[in-house]
Amino acid sequence: MAAQAPLTRVHLVRHGEVFNPEKVLYGRLPGYGLSETGHRQAKVTAEFLAGLDVAAVVASPLDRAQQTAAPIAAAHGLPVEVDPRLIESRNAFEGKPFEAGPAVLRYPHLWRLLANPFRPSWGEPYTEIAERMLAAAAEWRDAHPGRHVVLVSHQLPVWTARRALEGLHLWHRPDRRQCGLASVTTAVYRGRELVGIEYAEPNGPTANVPGSVGA
């Protein structure tokens, strides 16, 4: 029976470029929407997904994810639904002009945050990110068997979910994430069984452009 089940695809989309002239790590801070380039990227990704049988478009509650989801939903005549489980990860460096890394060494009072990079000690544990992302993916997958579902989230949650699906350890080097701006990471299921993972960059490779890591 499982072999006869239809394929269901859950597309994990990273939001587009954010307007961030101060170059701060914005994390979950309000008010950070897409730049002009980000809006263009969202439209390109919407065109990439336009020919699919999309049953639902769901996004993180943050502005940049909502704005990325809007043209995708519009292309299918759907509303943008909200799932808080898709939100960006918690991060102790939120609002600062740097992330966990060498720059922190200039601030001794922050060194304690680097104690355990495998958890990580500066933010939401990778295990918790994976749990909430996979729970959201499973729920939306089960709600629309045999169709496509688009979940718009953020770089670290998408990449952590992918590593969990692939059975890899969750800690990693941030500069080696394969998760470009407005990219599409797709989990392919037959019934509830994962049968493949696909990845596409409709806007070309943008994973490691300045200011994009951790966004």
Side-chain angles (χ1 to χ4, degrees), residues 5-20 32-88 133-162 165-166 177-209 212 215:
L7 291 178
T8 305
R9 285 178 167 83
V10 178
H11 305 282
L12 302 176
V13 175
R14 182 188 172 191
H15 62 78
E17 182 187 87
V18 174
F19 181 69
N20 181 21
Y32 283 88
L34 298 181
S35 65
E36 290 185 11
T37 296
H39 282 289
R40 289 195 297 270
Q41 291 170 337
K43 291 178 180 178
V44 169
T45 298
E47 292 170 359
F48 176 78
L49 298 169
L52 306 180
D53 179 25
V54 173
V57 178
V58 191
S60 154
L62 297 176
D63 289 350
R64 56 193 184 272
Q66 292 285 311
Q67 292 170 358
T68 301
I72 300 172
H76 297 277
L78 296 169
V80 175
E81 302 187 64
V82 180
D83 191 327
R85 294 172 293 186
L86 303 177
I87 199 167
E88 177 65 284
M133 288 292 292
L134 296 188
E139 183 175 310
W140 289 102
R141 174 202 67 201
D142 292 348
H144 302 285
R147 302 186 69 187
H148 296 252
V149 176
V150 178
L151 307 183
V152 183
S153 185
H154 308 265
Q155 186 189 53
L156 179 55
V158 171
W159 182 241
T160 303
R162 176 174 170 178
L165 288 169
E166 294 179 329
R177 295 173 188 159
Q178 187 185 48
C179 192
L181 291 163
S183 61
V184 183
T185 299
T186 303
V188 185
Y189 296 91
R190 188 175 297 280
R192 294 185 174 181
E193 179 187 1
L194 180 72
V195 296
I197 294 176
E198 302 166 353
Y199 178 72
E201 295 180 332
N203 290 275
T206 63
N208 298 314
V209 298
S212 72

How long is the straight-line distance from [atom2] of [Y] back to [atom1] of [X], given to the nearest 0.5 Å?
X      : Y      : atom1 : atom2 : result
Arg162 : Leu12  : CZ    : CG    : 10.5 Å
Arg14  : Gln155 : CZ    : CD    : 4.0 Å
His154 : Thr160 : NE2   : OG1   : 12.5 Å
Glu201 : Thr185 : CD    : OG1   : 9.0 Å
Met133 : Leu156 : CE    : CG    : 9.5 Å
Ile197 : Thr186 : CD1   : OG1   : 9.5 Å

Glu166, CD: over 12 other non-hydrogen atoms inside 6.0 angstrom
yes
Measuring only between side-chain heavy atoms, which start at C-beta, is [X] closer than 4.5 Å to [Y]?
X      : Y      : answer
Arg40  : Leu34  : no
Trp140 : Val10  : no
Asn203 : Leu181 : no
Val149 : Arg141 : no
Leu52  : His11  : yes

Do side-chain atoms of [X] reach the backbone of [Y] as a donor and acceptor pair under 3.5 angstrom?
X      : Y      : result
Thr68  : Gly16  : yes
Arg190 : Ala5   : yes
His76  : Leu49  : yes
Ser153 : Val158 : no
Thr8   : Gly146 : yes
Gln67  : Gly33  : no
Arg64  : Val18  : no
Ser60  : Ala65  : no
Glu17  : Gln41  : no

Can you give me the closest heavy-atom contact between [X] and [Y], atom names plus distance?
X      : Y      : answer
Tyr199 : Gly180 : OH-N, 2.8 Å
Phe19  : Tyr32  : O-CD2, 3.8 Å
Ala59  : Gln66  : CB-NE2, 3.6 Å
Trp159 : Gln178 : CZ3-N, 3.4 Å
Ala136 : Leu86  : CB-CD2, 4.0 Å
Leu165 : Ala187 : CD1-CB, 4.0 Å

